[in-house]
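For clarity, every value in this text was computed on a predicted model and none was experimentally measured. Order of the sequence lines sets the chain letters (A, B, ...), proteins ahead of strands, with each chain counted from 1.
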Number of protein chains: 2
Amino acid sequence: MNKRALSEAADKEAGLSGTKLQIAEAALQTLKTKGFAGASARAIAGEGSFNQALIFYHFGSVRNLLLAVLDLISERRMEEYGPTFERARTAPELADLARTIYAEDLERGYITVLGEMVSAGVTDASLGAEVAARIEPWIEMVQRKVEQLLNGTPFQALAAPRDLAFGLVSLYFGIDMLSHLQADQSRAQSLLDLATRLSVLVDAVLPSLREEMP
Amino acid sequence: MNKRALSEAADKEAGLSGTKLQIAEAALQTLKTKGFAGASARAIAGEGSFNQALIFYHFGSVRNLLLAVLDLISERRMEEYGPTFERARTAPELADLARTIYAEDLERGYITVLGEMVSAGVTDASLGAEVAARIEPWIEMVQRKVEQLLNGTPFQALAAPRDLAFGLVSLYFGIDMLSHLQADQSRAQSLLDLATRLSVLVDAVLPSLREEMP
DNA sequence: GTCTATACTTGGATAGAC
DNA sequence: GTCTATCCAAGTATAGAC
């Protein structure tokens with residue numbers, strides 16, 4: 001493998017490289033600053049200073065491009081958060097991680113884009129299914145962690161991990177959405193603080209519950 | 001007051017009557033069946049079999065009309081759920097009520113419309129503020145109930161009622177949104193079942209916690 | 001692969017007759 | 001207040017030159 005091939009491989013994200021990646025980055029940026037409603041082919045092309053027609057040449061449609069952006073940030077998030085998440089074992093660690101993830105999502109605009117695409121999926125049914133499929137891996141990831149955490153506790157019988165995971169992801173998007181609407185991030189921060197306090201409680205209680213089991 | 005005036009008063013909802021109400025109903029229906037993205041002036045006029053121009057004569061813009069619809073269902077929900085909600089005193093009563101409300105919201109399409117408008121508010125910043133203002137009363141209503149419920153328990157110090165209320169409403173919308181995306185209501189039902197089971201637990205624990213307080 | 005030019009569509013909104 | 005006709009803007013998408 002020569003030098004060029006190496007650098008190309010390094011640049012590949014979600015199967016995108018070169019112009020396609022450049023277009024996707026411009027779309028991501030537009031989604032961040034102008035929202036889904038403002039992410040037209042013209043706006044995206046303006047943002048990236050390339051020709052509008054390129055979008056259709058490379059992605060077929062604006063819709064496909066925006067879904068590709070969703071794949072792109074999904075991959076980036078999975079790479080960045082996945083390993084740490086899998087490693088976390090206690091409730092306080094997870095609460096802490098939630099705070100980090102929320103902060104990074106916010107800073108990089110990932111959460112904006114995720115929220116925009118999920119919202120757009122609600123208002124447009126045909127998009128909805130595509131977006132849902134891309135959210136699914138995240139629910140499953142949370143589910144695995146919930147299973148691990150509740151394993152051997154009485155909560156195992158009380159709540160199906162899949163339901164809890166769905167609820168937690170729903171909560172994440174719900175908070176993002178309402179914070180976004182009210183243009184106020186302070187409420188989300190308060191809730192993350194609350195999660196930290198609760199996680200300490202959970203951490204103190206869970207082990208004793210595990211011991212009580214046969 | 002004559003008979004006509006009485007019937008007019010009875011028909012007034014959110015300040016709408018006659019043609020305006022008719023237009024709003026058509027808009028509501030369109031929002032339910034075609035989503036926000038499909039709720040164009042032409043689509044709404046087609047749904048209600050009236051002239052497109054009437055929308056602009058009576059509401060000034062499609063946007064205003066859709067916000068009027070949000071006011072309309074907000075008022076209807078407040079009338080239908082408000083009294084029962086205010087009366088509820090225990091966690092199981094509230095869990096039960098949540099189930100009823102979710103089911104009714106679903107059946108009447110209120111939840112669809114709410115979700116559509118909130119989602120639209122996310123993708124369109126200028127709409128967002130208006131939608132946020134219309135969600136606010138619901139958060140406050142939940143907040144008052146949370147205050148009442150936690151009054152005299154150690155949780156009072158742990159979590160601000162306002163935060164909890166914001167979290168609960170976020171959860172409601174988040175669940176609605178993801179259920180909507182996946183076109184699967186079963187997960188929402190499971191979570192309502194879980195809420196019922198948890199409420200029994202809370203109900204058993206809260207009184208003893210209250211007694212422990214000085 | 002990229003650019004220019006343009007066809008086509010949809011939707012918001014208004015003017016003016018009735 | 002309601003209808004017809006129409007304007008205008010914005011957006012998707014394509015054809016064809018380079």
Colleague: Starting from the C-alpha separation in whole Å, work towards a yes-or-no answer on salt bridge (charged side-chain N to carboxylate O under 4.0 Å, His left out) for Arg162(A) and Glu136(A).
Modeller: CA-CA 11 Å; Arg162(A) 166 80 207 188; Glu136(A) 186 57 33; 2.8 Å; yes
Colleague: What does the B/S/- profile of nucleotides 4-18 of chain C look like, 5' to 3', with a 4.0 Å heavy-atom cutoff to protein?
Modeller: B------BBBB----
Colleague: Counting only side-chain N and O atoms of Thr19(B), is one of them less than 4.0 Å from OP1 or OP2 of dG1(D)?
Modeller: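 No, outside the criterion.
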Colleague: Taking Lys20(A) first and then Glu25(A), would you say they form a salt bridge - that is, a charged N and a carboxylate O separated by under 4.0 Å?
Modeller: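 Here Lys20(A) does not pair with Glu25(A) in a salt bridge, since their nearest N and O are not under 4.0 Å apart.
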Colleague: How long is the line joining CD1 of Ile23(B) and C1' of dG1(D), in whole Å?
Modeller: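 Value for this atom pair: 10 Å.
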Colleague: Which whole-number value in Å describes the distance from Phe59(A) CZ to dT14(D) P?
Modeller: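 Roughly 16 Å, once rounded to whole Å.
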Colleague: What closest approach, in Å, do Leu158(B) and Leu194(A) show between heavy atoms, and which atom pair accounts for it?
Modeller: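 Where Leu158(B) meets Leu194(A) most closely, the heavy atoms are O-CD1, 3.7 Å.
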Colleague: To the nearest Å, give me how far apart CD1 (Ile55(A)) and C1' (dT12(D)) are.
Modeller: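 About 10 Å, once rounded to whole Å.
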Colleague: Between Met177(A) and Gln182(A), is any pair of side-chain heavy atoms under 4.5 Å apart?
Modeller: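 Of all side-chain heavy-atom pairs linking Gln182(A) with Met177(A), none is under 4.5 Å.
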Colleague: Find out whether Leu149(A) and Thr90(A) are in side-chain contact, i.e. whether some heavy atom of one side chain is under 4.5 Å from a heavy atom of the other.
Modeller: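 No - every pair of side-chain heavy atoms lies 4.5 Å or more apart.
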Colleague: If you measure from the Lys or Arg side-chain nitrogens to the Asp or Glu carboxylate oxygens, is any gap between Glu130(A) and Arg134(A) under 4.0 Å?
Modeller: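 The answer is yes: the pair qualifies as a salt bridge.
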Colleague: Can you confirm whether Glu147(A) sits close enough to Asn151(A) that some side-chain heavy atom of one is under 4.5 Å from a side-chain heavy atom of the other?
Modeller: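 Glu147(A) vs Asn151(A): side chains apart.
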Colleague: Quick one about Tyr102(A) and Gln185(A) (side-chain donor to acceptor, distance below 3.5 Å, no hydrogens or angles considered), yes or no?
Modeller: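 Gln185(A) vs Tyr102(A): donor-acceptor pair found between side chains.
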Colleague: What are the residues of residues 112-128 of chain A, sorted by number, that bring a heavy atom to within less than 4.0 Å of DNA chain C?
Modeller: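 Correct list: empty, so none.
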Colleague: For the pair made of CD in Gln22(A) and P in dG1(C), what is the distance, rounded to whole Å?
Modeller: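 These atoms are roughly 13 Å apart.
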